[in-house]
Amino acid sequence: MTFSIHGLPVARGIAIGRAVLVGSSRVDVAHYFIQPGQIDAEIDRVRVGRNAVVDELQRLQHAMPKDAPPELTALLDVHLMLLEDETLTTGVKHWITDRLYNAEWALTTQLEIIARQFDEMEDEYLRERKADLEQVVERILRYMKGAVSPVALPVPVRRKAGQHLSPDENLTVPLVLIAHDLSPADMLQFKQSVFAGFVTDVGGKTSHTAIVARSLDIPAVVGARSASQLVRQDDWVIIDGDAGVVVIDPSAIILAEYGFKQRQGELERERLARLRHTPALTLDGQKVELLANIEMPEDAVGAVHAGAVGVGLFRSEFLFMGRQGKLPDEEEQYQAYRRAVEGMQGLPVTIRTVDIGADKPLDKGQKEDHYLNPALGLRAIRWSLADPAMFLTQLRAILRAAVHGPVNLLVPMLAHGSEIRQTLALLEAARAELNQRSVVYGPLRLGAMIEIPAAALTLPLFLKYFDFLSVGTNDLIQYTLAIDRADESVAHLYDPLHPAVLRLLSDTIQACLAQGKGVSVCGEMAGDVAMTRLLLGLGLRSFSMHPSQILAVKQEVLRADTSRLARWAQQVRDAEDPTQAMAEPLAARTSKESGWDSGLGPLSTH
Ligand code: PEP
Ligand code: MG
């Protein structure tokens, strides 16, 4: 039966595929695809693990004292029976052989399927056997953990979304990922894999998980509440990343309709691709800088390919995540930054110092006291200043990478003059250390992120010390409106067009322009085509976004006339209801007497 779930759209397009549920079982395991040649070895790993558990339980059974409570013996019998169960073994074999799941993933997938069957049982005693099954599987997994496992790298063996589907196809069927929650580090792992789309129960539009999803350039919906409960393993699912809708078990008519939409989207992309080499100039000849946000050095290739004229935000923290606390040393970081710089082929790279904390823990499941109130806790520059040795290591690595091309250093979450001064002192110390070691380093342009209202309200302080400012609207909105950006329950209040946000943004742009300092926006707002004209009207000429959004924003730039947008943008900024004011020029566009319009050129389809 077809049904749909609504969530928040985060990445455009339509994906159609079979559901892969991850992390929904209480057992947390690695998920990766194996090569066909590894199938037998993977099945063997499960078999060895299972046999070990059988042996262990049988030993326990034999060693059981005569006067042991009968429930205990019965429990061991049940566990042994579950281990012998065909449904478990054949199911696991199916996931490994037909879907190329690694052994642990296959086991937890089958666990979920059987667990659901238990949930649906009328008999209470049988329903409760689910807990036994979970225990048994956990035991097998523990045994398997001790055994050597292959390198956990996803292998691209599946076809991309958008190709014709046939339910008979196993290895080539597109897969969509459904999870309760995914950490940004999880998402990064999926970056090298094959999913055609993804859905999570939780998360806001600018949560870091959503941001990484956007960088994958696959349709995605977050905040879909109960999706991971309602969707079953292997269900056919449509993800509409434009509307934020997830359709489960679609009928043939619905499939055809979305298939059509999918092809339309592809045609639109092909059309936009023609703009790749077109300079980003407005109708009135204003040059606009379109930069890329990247998470890993390897993303630089995609950024150049998308026509970015530099990297406006390299979120360096992704180098620090998922390493069980072992942080990258100077050499490793230097090599990573160098790869990004060289990948940009002479174009500037803005490396942001590590922004760990809030919804970006170093390791999954990490819970420390300051994570109790994560967004307001020890995050970003606060975290760096709390560990000067770690910070100095990063600064030295960035300084060294600057030998290989133009590098800007960007500091996140600054609010206090003392933080600025400490940061600059540490930068000086990093230079001194390199001098002492006779290691060469390059020049850096220094930038501060404006992400906290306190920073936006004390701009002269920032302009005194920095060469440029970059507005992190994701956090600026979060902190101005007191809205946790990762919390879908307040997502409706997360408003880039709130007058307070627009005021802080506009003041920052104007203050930089007045002093001839560089200013850009690197939050998600910069990649939102609905915001391009407004930002241009407010005076912004430098936008940093995910590479996948560059061409669509460029199209808006090419259609804009900034000489006409400035007055309109001021009216929007000063309006009681800017959202309403944004819509008004559409009606007034042809109004000659008003003397201004939306600034849209003749190409506009708005
Ligand atoms: C921002 O806050 O807008 C920003 C770009 O930084 P991040 O999303 O990584 O917090
Ligand atoms: Mg931020």
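Counting starts at 1 for both ligands and their atoms, following the listed order. Residues take their numbers from the sequence shown, with the count starting at 1.
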Colleague: Closer than 2.8 Å to the Mg ion (ligand 2): does that hold for any N, O or S atom in D355?
Modeller: no
Colleague: More than 12 heavy atoms of other residues, nucleotides or ligands under 6.0 Å from NZ of K205: is that the case?
Modeller: no
Colleague: Mind checking whether E317 has an N or O less than 3.5 Å away from an N or O of ligand 1?
Modeller: no
Colleague: Run V202 and V222 through side chain to side chain contact (heavy atoms under 4.5 Å, CB included) and show every step you take.
Modeller: CA-CA 6 Å; V202 299; V222 298; over 6 Å; no
Colleague: Do the charged groups of R485 and D359 touch, with an N to O distance under 4.0 Å?
Modeller: no
Colleague: Where on I211 is there a heavy atom closer than 4.0 Å to ligand 1, on the side chain, on the backbone, on both, or on neither?
Modeller: side chain
Colleague: Considering just N/O/S atoms, say which atom of D475 is closest to the Mg ion (ligand 2).
Modeller: OD2
Colleague: Hey, could you give me the OG/CD distance between S544 and E289, rounded to the nearest 0.5 Å?
Modeller: 8.5 Å
Colleague: In this structure, which one of K326, R323, R338 forms a salt bridge (Lys or Arg N to Asp or Glu O under 4.0 Å) with E332?
Modeller: R323
Colleague: When you measure from atom 6 (O) of ligand 1 to every protein heavy atom, which one gives the shortest distance, and what is it?
Modeller: R352 NH1, 2.9 Å
Colleague: Please say which of L313, I398, N408, V341 ends up in a side-chain contact (heavy atoms from CB on, under 4.5 Å) with V349.
Modeller: V341
Colleague: When you measure from the heavy atoms of K360 to every atom of ligand 1, does any distance fall below 4.0 Å?
Modeller: yes
Colleague: Looking at atom 7 (P) of ligand 1, what's its closest protein heavy atom, distance included?
Modeller: H208 NE2, 3.2 Å
Colleague: Between R559 and E556, does at least one N-O distance fall below 4.0 Å, as a salt bridge requires?
Modeller: yes
Colleague: Can you tell which part of D355 has a heavy atom less than 4.0 Å from ligand 1: side chain, backbone, both or neither?
Modeller: side chain
Colleague: Is it the side chain, the backbone, both or neither of T206 that has a heavy atom closer than 4.0 Å to ligand 1?
Modeller: neither
Colleague: Could you check whether any heavy atom of R485 sits closer than 4.0 Å to an atom of ligand 1, since that is the contact criterion I want to use?
Modeller: yes
Colleague: Tell me whether the guanidinium CZ or amine NZ of R400 lies under 6.0 angstrom from the six-membered ring centre of Y334 and within 45° of its axis.
Modeller: yes
Colleague: Looking only at N, O or S atoms in E451, which is nearest to the Mg ion (ligand 2)?
Modeller: OE2
Colleague: Would you say M525 contacts ligand 1, with heavy atoms under 4.0 Å as the rule?
Modeller: no
Colleague: Would you call R379-D355 a salt bridge at under 4.0 Å N-O?
Modeller: yes
Colleague: Indicate, as side chain, backbone, both or neither, the part of Q478 found under 4.0 angstrom from ligand 1 when only non-hydrogen atoms are considered.
Modeller: neither
Colleague: State if M545 counts as touching ligand 1 under the rule of any non-hydrogen atom under 4.0 Å.
Modeller: no
